[in-house]
> 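Provided herewith is a single structure, encoded as structure tokens, for subsequent inquiry.
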Amino acid sequence: MPVADLRTTVAGLTFRNPLWLASGIWGESGNSLKGAWEAGAGGVVTKSIGSDPRMGYPNPTIETYEKWGMLNAMGLPNPGIDEYPQEIAIARAAGAAVIGSIFGADADEFAHLASKMAATGVLALELNLSCPHAKGLGSEIGQDPDQVREVVSAVKRAVQIPVIAKITPNHYDVASLAQAAESAGADAISAINTVRALAIDVQLRRPVLANGLGGLSGPAIKPVGLACVWQIYDRVNIPIIGVGGIESADDVIEYVLAGARAVELGTAVAFRGIGIFSGLAKELSQRLDSLKVHRLEELVGAAHSPVTPE
Amino acid sequence: MPVADLRTTVAGLTFRNPLWLASGIWGESGNSLKGAWEAGAGGVVTKSIGSDPRMGYPNPTIETYEKWGMLNAMGLPNPGIDEYPQEIAIARAAGAAVIGSIFGADADEFAHLASKMAATGVLALELNLSCPHAKGLGSEIGQDPDQVREVVSAVKRAVQIPVIAKITPNHYDVASLAQAAESAGADAISAINTVRALAIDVQLRRPVLANGLGGLSGPAIKPVGLACVWQIYDRVNIPIIGVGGIESADDVIEYVLAGARAVELGTAVAFRGIGIFSGLAKELSQRLDSLKVHRLEELVGAAHSPVTPE
Amino acid sequence: MRVITEVSERVVETPSTVTLRFRYTPPAGPGQFVMIWIPGDDELPMSLSYTGEPKGVTIKAMGTTSRNALSMPAGTLVGIRGPYGNRFDLSPRRILVVGGGSGTAVLAPAAEAAVRGGSRVVAALGATTAPELLFVGRMKAISESVEVSTDDGSLGHHGFVTDLSQRLLAQQPFDAVWTCGPEIMMRKVISAAKERGVPVFCSMERQMKCAMGMCDACALGPYHVCTDGPVFPADRLMAIPEFGHTKRDSSGRRVPL
Amino acid sequence: MRVITEVSERVVETPSTVTLRFRYTPPAGPGQFVMIWIPGDDELPMSLSYTGEPKGVTIKAMGTTSRNALSMPAGTLVGIRGPYGNRFDLSPRRILVVGGGSGTAVLAPAAEAAVRGGSRVVAALGATTAPELLFVGRMKAISESVEVSTDDGSLGHHGFVTDLSQRLLAQQPFDAVWTCGPEIMMRKVISAAKERGVPVFCSMERQMKCAMGMCDACALGPYHVCTDGPVFPADRLMAIPEFGHTKRDSSGRRVPL
Ligand SMILES: Cc1cc2nc3c(=O)[nH]c(=O)nc-3n(C[C@H](O)[C@H](O)[C@H](O)COP(=O)(O)OP(=O)(O)OC[C@H]3O[C@@H](n4cnc5c(N)ncnc54)[C@H](O)[C@@H]3O)c2cc1C
Ligand SMILES: Cc1cc2nc3c(=O)[nH]c(=O)nc-3n(C[C@H](O)[C@H](O)[C@H](O)COP(=O)(O)OP(=O)(O)OC[C@H]3O[C@@H](n4cnc5c(N)ncnc54)[C@H](O)[C@@H]3O)c2cc1C
Ligand SMILES: Cc1cc2nc3c(=O)[nH]c(=O)nc-3n(C[C@H](O)[C@H](O)[C@H](O)COP(=O)(O)O)c2cc1C
Ligand SMILES: Cc1cc2nc3c(=O)[nH]c(=O)nc-3n(C[C@H](O)[C@H](O)[C@H](O)COP(=O)(O)O)c2cc1C
Ligand code: FES
Ligand code: FES
């Protein structure tokens with residue numbers, strides 16, 4: 001019987017385990033959020049929701065690379081904030097720890113969405129400042145520390161619940177973005193969103209995704225996400241949620257050692273199935289037991305000051 | 001007998017095939033440059049050379065992820081520009097098409113190195129503006145369009161041979177860096193260098209690489225390199241050399257369709273052996289034959305204006 | 001993982017329906033679907049109407065893409081990924097197949113496989129009008145009997161295919177009903193079969209994007225049609241309020257069927 | 001691909017040499033080496049002195065890291081990757097083994113494997129002084145004869161191990177000579193063997209970083225010691241001007257040996 005304590009506290013909220021469902025995966029409908037929660041996720045982040053219904057890009061919206069990478073350009077499809085409360089209600093009725101993700105074009109829109117999302121009763125907000133393939137949204141705002149500061153400030157003024165800023169990896173100095181968010185009052189940072197990427201079909205001589213550019217996720221970006229969390233941990237004091245390529249207990253621990261207090265799983269749900277949440281929670285406890293670690297939280301950031309054997 | 005013509009012209013120089021040896025692989029010694037040339041490379045880029053001998057970081061300097069990714073932080077070891085001419089002489093004596101790579105801390109140092117490197121008789125220079133893990137060098141300069149412009153201008157004033165600016169992917173707008181290089185007179189762009197990344201050992205609770213942060217290469221970054229070449233092609237008129245994760249004929253063609261006139265191979269040499277050059281040249285000709293393409297150059301950038309079947 | 005392949009053969013099945021055959025070697029079973037990319041256009045989920053080589057899909061013109069597909073000549077390159085989803089359970093011995101419109105596309109290969117496995121099949125096929133009846137010959141070749149209905153009475157029973165299935169269920173014992181068609185039709189088939197205690201399996205359609213159980217586009221109650229389906233036992237569907245009433249559009253918004 | 005493993009056993013072989021044993025399961029052959037990471041310190045190439053389980057390396061204190069390794073207790077965690085490089089060809093029937101200093105570390109498991117395969121081994125082992133002679137007992141257990149030399153005359157022949165190998169080559173016929181030690185020593189072994197027409201195989205050392213034939217740190221003429229070696233036939237080495245004269249330091253600069 002594994003005994004290690006997987007509970008984790010982020011921005012004053014305690015989660016039963018550190019394995020959250022990442023935004024954009026199973027998060028468009030309330031039943032799926034509920035399903036991920038019942039499958040064992042420690043928290044569930046909604047699909048990023050905007051002001052109006054958005055169809056997203058036409059298909060093809062995804063491409064896969066064996067089991068080590070996935071490329072997507074969904075185009076932020078979402079039913080819009082006014083339709084969405086009914087979905088959150090379903091997830092909340094099941095007891096799920098729901099984090100509401102939102103995206104917008106400027107600070108005002110973010111603030112407006114934040115109020116509406118907070119009103120649905122979500123525990124916290126995640127601001128998508130990092131979608132790599134939506135014009136005028138996502139990382140076009142999130143790459144500029146000043147705009148990050150503005151958006152986060154506006155949202156903080158609008159809501160009482162904790163605010164998580166989700167950071168793009170497509171930047172020379174990701175920690176500067178996290179610092180901007182922190183200085184504006186963000187309660188936590190999540191990193192990373194997908195890495196800008198492209199696939200071309202050689203026979204058809206055209207990009208595979210309807211949108212052309214997309215975002216890379218899955219194991220291929222784990223080392224990239226780790227580097228971002230590592231750099232952010234060195235420069236901010238608020239908690240970090242690690243995202244990118246996580247699918248094993250060791251992946252989770254790597255992120256925690258780099259500085260994360262919780263992690264999000266995206267592509268692993270596609271490659272390994274929703275059973276990954278319960279499987280990974282068990283595997284994680286066992287691994288911690290074998291490493292003689294009683295509480296996952298003991299390891300947060302520990303790789304920054306390694307103990308060298310005599 | 002494959003018949004497709006693989007010759008490619010970059011900045012007025014014609015190469016027997018588009019498959020160059022990437023900087024940092026087999027490029028520290030003249031015999032290895034010669035070896036890569038004799039193994040069939042269309043051009044060989046030297047290790048990035050600086051003003052003084054540099055030992056690089058202690059080991060571990062590399063980590064691998066199956067056959068889809070590699071992480072390295074060599075730390076730019078190199079014998080220094082004054083020792084290096086004897087190595088180039090060996091490669092040139094064998095008839096190799098040598099491109100000299102250099103790195104420095106500022107425009108003056110780059111210009112100084114450029115003159116010395118040009119004096120060895122290399123065909124062209126590649127400016128390493130993109131090493132992701134060397135403090136004060138590489139991408140710390142290369143992430144700033146103004147500094148890119150300064151460095152390229154200074155180098156162009158110092159030498160007559162073509163100058164290739166090698167661009168970092170760790171940036172929100174890689175094309176702006178390429179534009180800066182072009183505006184300063186660069187003759188070509190190469191993209192990409194490695195993607196900033198990290199690996200942590202869970203049992204030892206410390207980064208694996210002695211330097212901590214490193215750079216990701218190999219198949220995992222092919223989609224990232226393609227996105228960079230794609231974006232650069234849309235915004236500059238000078239030729240592009242594609243780098244990142246190339247190991248098959250289709251990989252080469254993907255880069256060419258995205259806009260590259262030549263490509264460089266790095267990690268594939270470690271994962272597949274130096275035989276990759278002759279193997280790939282043959283595979284590439286065959287693939288072009290099967291696609292009914294007579295000259296590789298016909299495909300440069302073709303995916304930007306796809307022809308949709310009626 | 002997408003394979004680009006040539007449409008090797010094109011068969012016009014009805015005025016609004018065409019079958020495209022192509023070489024695509026990964027093994028597939030009846031009930032499964034592929035994502036077919038029409039370059040320059042969209043990528044659509046399509047059930048395999050032929051699960052062996054060359055595989056095939058049978059496309060009914062509904063919107064822009066499927067209409068374009070209708071006029072696509074043999075030799076066109078398309079992208080295929082899959083097969084995705086689950087299969088019909090081939091173990092029932094006496095099967096009633098109830099196909100509405102192009103729904104027969106997925107039922108035909110399943111019925112053929114069942115018959116090869118020793119089962120007996122009776123089929124009821126419906127369409128708006130006689131020329132739109134799909135795969136009648138194909139079903140006749142393997143079924144004990146095939147009955148047809150048309151909304152306009154141009155052939156067979158004048159009315160709905162559900163009338164046929166209700167009668168057949170009353171006349172003969174069946175171990176299972178397989179159905180694919182409009183949800184309102186499938187709901188009727190289900191209630192008739194329920195009276196007799198015969199289990200029903202429905203092949204479902206929803207908006208699809210990833211087809212890998214990730215993007216949530218195909219959410220149907222607690223299920224994802226792409227990975228939990230497309231074949232569902234009727235009792236699961238009847239427990240979902242939206243079945244037969246609403247679906248989600250591309251934005252994830254609930255819209256009437 | 002690094003495996004973190006515990007040093008399961010530590011054997012002090014000479015005042016400056018220690019053997020570390022550890023569990024590391026990938027199959028390995030004599031001549032091959034591993035990269036051993038001493039966390040917080042460096043990662044060094046080390047020939048396997050034991051190629052079966054538990055595997056082992058035998059480390060001589062040269063610089064900081066190897067000196068630290070000398071005092072490393074059993075139970076310490078180390079990182080291992082490999083095995084890398086080529087193996088000794090075990091087919092020669094009569095083998096002369098010539099080990100200089102810690103060079104015997106790689107020759108001992110090769111000699112053992114050869115003898116298991118039915119070959120006969122004669123060994124000449126040299127060291128600076130008697131207590132530094134490595135694996136004399138281990139070689140005696142399998143060799144027809146073992147002769148030793150010390151620079152200070154404290155045991156065996158007073159002089160160099162090359163004197164011994166020259167004499168043995170004159171006295172007996174051999175199919176091959178295997179040698180590892182300082183390059184100047186190996187050059188002498190080679191020229192003596194060449195006179196008799198006996199092929200020599202040398203285990204070489206160069207600066208190593210990647211161990212995968214990529215970084216060029218281990219360049220030796222046209223070869224990479226990590227992938228083309230570490231075992232080289234003497235004629236290849238003799239064609240390289242730098243053999244016995246220069247190596248490259250960590251920067252890639254040529255420096256005297
Ligand atoms: C698992 C699965 C298997 C499928 N198998 C087949 C198949 O074998 N043959 C086939 O022809 N189609 C099949 N479909 C439906 C197909 O994928 C498309 O939805 C349909 O072809 C319309 O695409 P479109 O882009 O041309 O139409 P759109 O432009 O998207 O829509 C045009 C019109 O068609 C209507 N429409 C769209 N989709 C449907 C639908 N599924 N049912 C009823 N009306 C619809 C819309 O309401 C709209 O009015 C399947 C769908 C799924 C999910
Ligand atoms: C394929 C291969 C197999 C090897 N196998 C073994 C082995 O089985 N046992 C073993 O003890 N070592 C072996 N070595 C050598 C070992 O990897 C190190 O080079 C050595 O331990 C010194 O490391 P260091 O960091 O402690 O010394 P450093 O601090 O790097 O150097 C300290 C001093 O030692 C000298 N020195 C360093 N390396 C060597 C060398 N290779 N030969 C002679 N002098 C040297 C230097 O000139 C310097 O003066 C092998 C090397 C290679 C390439
Ligand atoms: C299909 C798909 C859709 C996504 N949609 C969103 C989104 O709406 N909002 C967001 O913040 N991130 C979105 N992401 C990014 C993920 O939340 C996550 O940051 C990224 O995929 C890296 O994690 P992974 O490697 O575990 O997938 C999406 C990712 C995928 C694969
Ligand atoms: C071990 C190693 C050393 C490298 N050294 C250099 C270098 O000195 N200068 C440089 O511009 N790029 C260097 N690179 C980057 C490569 O040239 C190339 O841009 C990158 O590895 C991506 O290509 P790949 O995926 O084919 O390896 C190095 C890469 C590796 C793996
Ligand atoms: S299509 Fe994406 S979850 Fe089903
Ligand atoms: S150690 Fe890198 S090439 Fe040999």
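In what follows, every heavy atom counts, from backbone to side chain, and hydrogens, waters and symmetry copies are set aside.
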> Considering only residues two or more places apart or on different chains, which pairs with a residue in residues 285-304 of chain A satisfy ring pair (Phe, Tyr, Trp, His ring centres under 6.0 Å)?
A/Trp230-A/His304, A/Tyr233-A/His304

> Quick one: does any side-chain atom of B/Tyr255 pair with a main-chain N or O of B/Ala262 as donor and acceptor, under 3.5 Å?
no

> Less than 4.5 Å to any heavy atom of chain B: does that hold for the side chain of A/Gln231, its backbone, both, or neither?
side chain

> Find the one option among B/Pro207, B/Cys228, B/Ser290 whose heavy-atom pairs under 4.5 Å with chain A are most numerous.
B/Pro207

> Given heavy-atom pairs under 4.5 angstrom as the criterion, report whether the side chain, backbone, both or neither of B/Val208 touches chain A.
neither

> Pick from B/Asp173, B/Val202, B/Leu226: which one has the most heavy-atom pairs with chain A under 4.5 Å?
B/Val202

> Please state whether the side chain, the backbone, both or neither of A/Val252 comes within less than 4.5 Å of a heavy atom of chain B.
neither

> Check the pair B/Thr267 / B/Ser217 against side-chain hydrogen bond (donor to acceptor under 3.5 Å, both in side chains), numbers first and verdict last.
CA-CA 6 Å; B/Thr267 305; B/Ser217 63; 2.6 Å; yes

> Show your reasoning for whether salt bridge (Lys or Arg N to Asp or Glu O under 4.0 Å) applies to B/Arg206 and B/Asp201.
CA-CA 6 Å; B/Arg206 61 163 67 239; B/Asp201 188 88; over 6 Å; no

> Minimum heavy-atom separation for A/Pro18 and A/Leu284, please, with both atom names.
CG-CD2, 4.0 Å

> Counting only non-hydrogen atoms closer than 4.5 Å, does A/Leu216 touch chain B with its backbone (N, CA, C, O), its side chain (CB onward), both, or neither?
side chain

> If you measure only the distance, is there a donor-acceptor pair under 3.5 Å linking the side chains of A/Asn59 and A/Thr61?
yes

> Can you confirm if the NZ or CZ of B/Arg196 lies within 45° of the ring axis of A/Tyr172 and under 6.0 Å from the centre of its six-membered ring?
yes

> Would you indicate whether the side-chain heavy atoms of B/Pro169 and B/Val195 approach each other to under 4.5 Å?
yes

> Quick check: under 4.5 Å, non-hydrogen atoms only, which of residues 218-225 of chain A neighbour chain B?
A/Pro219, A/Ala220, A/Pro223, A/Val224

> Show the nearest heavy-atom pair for residues A/Pro145 and A/Ser176, with the distance to one decimal.
CG-OG, 4.2 Å

